[in-house]
Amino acid sequence: MKTNGLMKGAVLLSASILLSKVLGSFFRIPLQNIAGDSVLGIFSLVYPVYMVALTLSVAGIPLALSKLIAERESLPEILKIHRTAKWLGALLGVSAFLIVNVLASPLATALGGPSTLPAIRAASFALLFAPSMAVYRGYFQGNGDMKPTALSQVMEQTVRVAVIIGAAYISVRMGMEASTTAGFVMTSSTVGVAASFIYLASRYSKVPPAKRKFTGTYTLKDFRVWSKYILKISLPIAFGTLTVPLLQFVDAITIPAGLRADSNYLFGLYGRGLSLIQISTVFATAVIYPLLPAISHRLAAGDVSGVKLDISNADRWNHLVSWPAACGFVVLALPLNVALFTDASGTLVMAILGASSVFISFSIITTGILQGLGKGKQAAVVISTAAVLKLVLNLLVVPAFGLTGAALINVLTFLFIYIGNALLVKRSAQLRLVPDRFLRLLGSTLMSGATMAVPFLFFSPGVWTRGEAFLFLLVALAAGITVYAGSLLALRVVSLQELKLLVKR
């Protein structure tokens, strides 16, 4: 019964993470539609700063705390761990808040100018609540109760998206400047985190006092000892989840410096492509997400063949989803741009960024696999090296080639991460990350892309209305998916049973 309960909890948590990621990926579209590209540009510049600070102060704490609590049966020891985590969370939150505010003006200058300052300061307040919120999540997970974490994640994103859309609408109706509008929009992070924190604190207050009130002696030595344990587990996880936020942060501080025109507006065009990247990686990750925790469990049990099987399955499903998704974004960039963002501005940049989505998906998954194999530090080295590479290339290329150059560098950077991660996986698990019948899979992708591209010989979606572009997308996608599925079967890349599984996933 206990195992069954844990499995249900894991499924619930996975579903909540997926739903939260979906909610957190689509909001940029209505934000741009309501407030315009300049506001989207400011938001896209500031958001990576917030995410890097949030990730370093929060990521890994729930898992670290839940692991330490689950491994212990002594209630006094569990309460000591929880008390340490609460103090550590408060310390990290205040520190992150102060660091961001002290550096707010230099950061704004690096991000293109004072127009980003209100958004930076607005986002910083979320850092006061986020680590403490993460501690509550870790406490409940450690006690085998996944429901509070799952509900709080969905609540946080739902409230956040509602505030983003509401703040954008009200600000535009009131005629506010883009910088002020972006500042109001960024308050959504604080409101969402605060709502989740209040809910979790309320749930915690209902835990029987005997299980949550510590009456023993707690010293500074206890704090030091347990803080080291928590950070030892949480920091590698934090660095592992920095892949996309860190590289987007590098873009935010280097691309505006290389643009000679309105950097907020132009980065807003770049942000259109980032929206597609996020959407594509959400679904690609969702296909193989349940397989990743199995790697660490099998490794702990000494099941090497099982580890290889899980990695192979994760890699195969990822290839099956990511290649056609990237192909679709490249081929259909023009109608996607018109349908989602009202005009065709920045279509080439969107197409190139769409192409990078395949390597972003691979990078995310291989980083997760390396963490499961206990190689989180090596993965962090690859990510750090890629960040430095991207920084240098952006400074050299963007002044000459603008957003097109930045988009191409994005493709190369994530390709670098994937190759580095794949080599580490090969060395650690003696496994090559190339699925069977790979060339046939690429052939199926190309046939699907050609099918979606044929209508462009007869139509010009760039001059259509949004409704006409949407209709074109529906027909082209239906045709492309049909051809892709049919060619996978015809070329024996997958069986009919596997294809049904892919659809269900």
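- No donor-acceptor pair closer than 3.5 Å links the side chain of Ser357 to the backbone N or O of Leu353.
- Distance alone, capped at 3.5 Å, places no donor-acceptor pair between the Thr451 side chain and the Val483 backbone.
- Looking only at atom types and distance, the side chain of Thr367 has a donor-acceptor partner in the side chain of Asn421 under 3.5 Å away.
- Phe43 has its ring centre no less than 6.0 Å from the ring centre of Phe267.
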Q: Given side-chain contact (heavy atoms from CB on, under 4.5 Å), test Ile419 with Leu415 step by step and report yes or no.
A: CA-CA 6 Å; Ile419 293 173; Leu415 175 60; 4.0 Å; yes
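- Contact check for Leu31 versus Val39: side-chain heavy atoms found under the 4.5 Å cut-off.
- Using a 4.5 Å heavy-atom cutoff, the side chains of Ile360 and Ile417 are not in contact.
- At a threshold of 4.5 Å between non-hydrogen side-chain atoms, the residues Thr413 and Phe359 do not count as touching.
- Thr342 places no side-chain N or O within 3.5 Å of a backbone atom of Val338 that could act as its donor or acceptor partner.
- Using a distance-only test at 3.5 Å, with no hydrogens or angles considered, a donor-acceptor pair links the side chain of Arg466 to the main chain of Leu340.
- Between Pro48 and Pro245 there is no side-chain heavy-atom pair separated by less than 4.5 Å.
- Counting non-hydrogen atoms of other residues, nucleotides and ligands closer than 6.0 Å to CZ of Phe401 gives a total of 12 or fewer.
- Judged purely by atom type and a 3.5 angstrom limit, Asp315 has no side-chain atom pairing as donor or acceptor with the backbone of Ile311.
- Donor-acceptor pairing under 3.5 Å is recorded for the side chains of Asp251 and Tyr270.
- Residues Ser189 and Arg160 meet the side-chain proximity criterion, which asks for heavy atoms closer than 4.5 Å.
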Q.
Let's go through Ile165 and Ile34 carefully: what are the C-alpha distance in whole Å and the side-chain angles of both, what is the deciding distance for side-chain contact (heavy atoms from CB on, under 4.5 Å) to 0.1 Å, and is it a yes or a no?
A. CA-CA 8 Å; Ile165 296 174; Ile34 296 170; 3.8 Å; yes
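- In this structure a side-chain-to-backbone donor-acceptor pair under 3.5 Å is missing from Ser263 to Leu259.
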Q | Trace of the side-chain contact (heavy atoms from CB on, under 4.5 Å) decision for Met447 with Leu491 | A | CA-CA 12 Å; Met447 283 189 277; Leu491 296 175; 3.8 Å; yes
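- Ser322 places no side-chain N or O within donor-acceptor distance of the main-chain N or O of His319, the cut-off being under 3.5 Å.
- Between Phe456 and Phe472, the ring centre distance stays below 6.0 Å.
- Defined by atom type and a distance below 3.5 Å, a donor-acceptor pair is present between the side-chain atoms of Ser196 and Arg137.
- For Thr55 (side chain) and Leu242 (main-chain N/O), no donor-acceptor pair under 3.5 Å exists by modelled atom type.
- A donor-acceptor pair is defined here as one N or O able to donate and one able to accept, closer than 3.5 Å; no such pair exists between the side chain of Ser428 and the backbone of Val425.
- Between Phe362 and Tyr418, the gap from one ring centroid to the other is short of 6.0 Å.
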(Q) Between Leu393 and Lys390, does the side-chain contact (heavy atoms from CB on, under 4.5 Å) criterion hold? Intermediate values first, please. (A) CA-CA 5 Å; Leu393 289 176; Lys390 188 176 183 65; 5.9 Å; no
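- Using a 4.5 Å heavy-atom threshold, the side chains of Trp464 and Phe470 count as separate.
- Leu332 has its side chain within reach of Met452: a pair of non-hydrogen atoms, C-beta onward, lies under 4.5 Å apart.
- Remark: side-chain polar atoms of Arg272 are paired, donor with acceptor, to backbone N or O of Ser345 under 3.5 angstrom.
- Side chain to side chain, Ser356 and Asn410 meet the donor-acceptor criterion of an N or O pair below 3.5 Å.
- Inspection of the Arg28 and Ser44 side chains reveals an N or O donor paired with an N or O acceptor under 3.5 Å.
- Side-chain atoms of Val494 and Leu441, non-hydrogen and from C-beta on, never get closer than 4.5 Å to each other.
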(Q) Run the side-chain hydrogen bond (donor to acceptor under 3.5 Å, both in side chains) test on Asn337 and Thr347 for me, step by step, so that the C-alpha distance in whole Å, both residues' side-chain angles and the decisive distance to 0.1 Å come before the verdict. (A) CA-CA 6 Å; Asn337 207 4; Thr347 294; 3.0 Å; yes
